[in-house]
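Right, one structure below, let's go through it.
Side chains included, hydrogens not; waters and symmetry mates left out as well; all remaining heavy atoms used. We count residues from 1, following the sequence as given. Just so you know, these numbers come straight off a predicted model, no measurement behind them. Counting starts at 1 for both ligands and their atoms, following the listed order.
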Amino acid sequence: MRRPFIAANWKMNKTISETQEFISGFVLTVKDITDVDIAIAPPFTYLTVAAEKLKDTNVMLAAQDVFYAEKGAYTGEISPIMLINIGCKYVIIGHSERRQYFNETDDIVNKKIKAAKKAGLGTIFCIGESLEDRESKKTFDVLQKEIEEGLNGVDSEGIVIAYEPIWAIGTGKTATSEQAQEAHAYIRERFRTLYGNKADEIRIIYGGSVTPENIDSLMAGKDVDGALVGGASLKVESFVKIINFKKGS
Ligand code: 13P
């Protein structure tokens, strides 16, 4: 069976001391959880302090983005090797905020996934439709294009997919459990075309206004394998409640 994967995407939030304080309390609270993969993606500038605090714990360090070159004259960018070097296990790639504000195309996302995998990083590859896409019934077309172009020439090893409908991100408007399950089932079918039976092993997690109140019903979907949590991951209490979701309720 697929092991649940719950990750925090802190986006551009917190200070160093808030990061230290959060992680100190958090790791103690979740230390006995053995049946969920847990990751935290703080901003780049806090990766070092977070890595120190997460050492020898059951919480993995993740980054929010990466560049695709190994090294060189790319002012402001961070390479996959640098992330490995600092202790990251995963990196978020293709988040809709990067696509929207930083013009990341499917081609750039594909290059980043390839580079991250080559360096040995697991990838949390984000896809999802806008409200306009959904209202014009183009959700599946958008997902298909993002999957096919993002994963072009990529095997399934180390890939976690985050289905994040753009209209649900930071809006308090979560997808219903039926909408999430429908999209996740579609994504798994696309994977079956690409990867055959390996599709059953790939974790597809949901993101978009996940809270302690809605996590149980979202996780009840048979193809929903976890969550990528923004706002509700900024407080230890709410993030821990999400990690302690009840399957099947
Ligand atoms: P929110 O949980 O704040 O809606 O953010 C979701 C998200 O974008 C996670 O990557």
Reference residue W10; test ring pair (Phe, Tyr, Trp, His ring centres under 6.0 Å); the match among F26, F22, F239: F22
Within-cut-off N or O pair, L228 and ligand 1, under 3.5 Å: no
Contact partition for I169 relative to ligand 1, non-hydrogen atoms under 4.0 Å: both
Donor-acceptor pair between H95 and E164 side chains, under 3.5 angstrom: yes
Audit row: E97, K11, salt bridge (charged side-chain N to carboxylate O under 4.0 Å, His left out) steps and yes/no: CA-CA 10 Å; E97 288 151 14; K11 309 192 180 182; 2.8 Å; yes
G231: numbered ligand 1 atoms lying under 4.0 Å from its heavy atoms: 1 (P), 2 (O), 3 (O)
Closest candidate by heavy atom, reference atom 4 (O) of ligand 1, pool A227, G170, G207, G230: G170
Contact atoms of ligand 1, heavy-atom distance to K11 under 4.0 Å: 5 (O), 6 (C), 7 (C), 8 (O)
F102 six-ring centre to R98 NZ/CZ under 6.0 Å and within 45° of normal: yes
Numbering as shown, the atoms of ligand 1 that approach S209 to under 4.0 Å (heavy-atom distance): 1 (P), 2 (O), 4 (O)
Atoms in ligand 1 with a heavy atom of E164 nearer than 4.0 Å: 6 (C), 7 (C), 8 (O), 9 (C), 10 (O)
Cluster check I6, V210: I/L/V/M/F/W/Y, side chain < 4.5 angstrom: yes
Residue part near ligand 1, for A168, under 4.0 Å between non-hydrogen atoms: backbone
Check: Y163/Q179 side-chain N/O donor and acceptor closer than 3.5 Å: no
Contacting atoms of ligand 1, where contact means under 4.0 angstrom from a heavy atom of N9: 9 (C), 10 (O)
Numbered atoms and elements of ligand 1 in range of G208, under 4.0 angstrom, heavy atoms: 4 (O), 6 (C)
N110 and E149: side chain donor to acceptor below 3.5 Å: no
